[in-house]
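On a predicted model such as this, the values are computed, not experimentally measured, just so you know.
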Amino acid sequence: TLGLTFEELTYDRAVMALASTPPYHNHIGGPHAGAMFTLAESASGALIFANFGDIPEVVTPLAVEATIRYLKVAMGTVTATATMPTSRDEIMATLSEGRRPEFTIEVELSTGLGDERVVTGVMSVLWTLTALAPIAMASARLRSPKTSRIRSMLLSSESRFRFVQADSGISSRRNSG
């Protein structure tokens, strides 16, 4: 497992971290590019979940494309901060007009804190939503309490999620501590 941790998850941003772990280091001692890609894409997906996880019977989010630029050598713990420039309301309005929305999640990868913070990479993930049911159903379920409870659980000090590679793709498993 990569041991990715959630630091923050709101409707506006998702922050996840990848601790410096030798099995995931590259030949120069920093995190492998593939681990950083997984971290950034996972933060993107967490933000999608925060915004659309309350209506799984109405829409299916799908990643269409992801591009990443590695700007500087990363050393130590890497943090991914994902933001969604387009509002959920705009995306749902496009869908309610019968059009398939495409929108980006921007992710910044960095190391260090405060004055020591260094941006080491950026990722842009293009997402779309596929309508599964009439969009009118979605308006009645906007920001459901269920999604708020799940988001609170993800961020609580009692639980962390570790992502594991399974035969069918990435899955999550609760990990105490």
**Report entry** Within-4.5 Å side-chain heavy-atom neighbours: I91 and F52
**Finding:** yes

Query raised in the report: Which atom pair, heavy atoms only, marks the closest approach of M75 to T111?
Result: O-CG2, 3.6 Å

Query raised in the report: In Å and rounded to the nearest 0.5 Å, what is the NE2 to NE2 distance from H27 to H32?
Result: 9.0 Å

Query - Within 6.0 angstrom of E97 CD, more than 12 heavy atoms from elsewhere - result: yes

Query raised in the report: Is there side-chain contact between L39 and L2, with at least one heavy-atom pair below 4.5 Å?
Result: no

Query raised in the report: Side chains of F103 and L129: closer than 4.5 Å at any heavy-atom pair?
Result: yes

**Report entry** Nearest-0.5 Å distance, CG of residue L62 to CD of residue E102
**Finding:** 10.5 Å

Report task. For residues T86 and E90, report the shortest heavy-atom separation together with the two atoms involved. Result -> CG2-CB, 3.8 Å

**Report entry** Over 12 non-hydrogen atoms of neighbours within 6.0 angstrom of CD1 in I28
**Finding:** yes

Requested in this report: Flag the pair L109 / M123 as yes when at least one side-chain heavy-atom distance between them is below 4.5 Å, and no otherwise.
Outcome: no

Query raised in the report: If you look at every heavy atom in A82 and S44, which pair is closest and at what distance?
Result: CB-N, 4.0 Å

Report summary line: On a heavy-atom basis, the closest approach of T77 and S20 is OG1-N, 3.8 Å

Report summary line: In this structure, CD of E8 is separated from OG1 of T79 (nearest 0.5 Å) by 11.5 Å

**Report entry** Verdict with supporting geometry, E106 and T104, side-chain hydrogen bond (donor to acceptor under 3.5 Å, both in side chains)
**Finding:** CA-CA 6 Å; E106 302 297 336; T104 59; 3.2 Å; yes

Report task. Kindly give the heavy-atom pair with the smallest separation between E7 and A17, and that separation in Å. Result -> OE2-CB, 3.8 Å

Report task. Say whether I68 and L18 are linked into one hydrophobic cluster, either directly or through other cluster members, by side-chain heavy-atom distances under 4.5 angstrom. Result -> yes

**Report entry** Linked, directly or transitively: F37 and V119 (ILVMFWY side chains, under 4.5 Å)
**Finding:** no

Query raised in the report: Can you tell me how far CD of E108 sits from CG of L71, rounded to the nearest 0.5 angstrom?
Result: 9.0 Å

**Report entry** From L9 atom CG to L47 atom CG, the distance as rounded to the nearest 0.5 Å
**Finding:** 7.0 Å

Report task. State yes or no: do V122 and V107 share one hydrophobic cluster built from I, L, V, M, F, W and Y residues joined by side-chain heavy-atom distances below 4.5 Å, directly or via other members? Result -> no

Report summary line: Residues A43 and A80: closest non-hydrogen pair is CB-CB, 4.0 Å

Requested in this report: Would you check if the side chain of T128 reaches a backbone N or O of P101 as a donor-acceptor pair within less than 3.5 Å?
Outcome: yes

Requested in this report: Would you kindly confirm whether Y70 and V125 end up in one hydrophobic cluster when ILVMFWY residues are joined by side chain heavy atoms under 4.5 Å apart?
Outcome: yes

Query raised in the report: Under a 4.5 Å cut-off applied to non-hydrogen side-chain atoms, are M84 and Y11 in contact?
Result: no

Query raised in the report: T21 side chain to Y24 main-chain N or O, any donor-acceptor pair under 3.5 Å?
Result: no

Query raised in the report: How far does OG1 of T130 sit from CZ of R100, to the nearest 0.5 angstrom?
Result: 3.5 Å

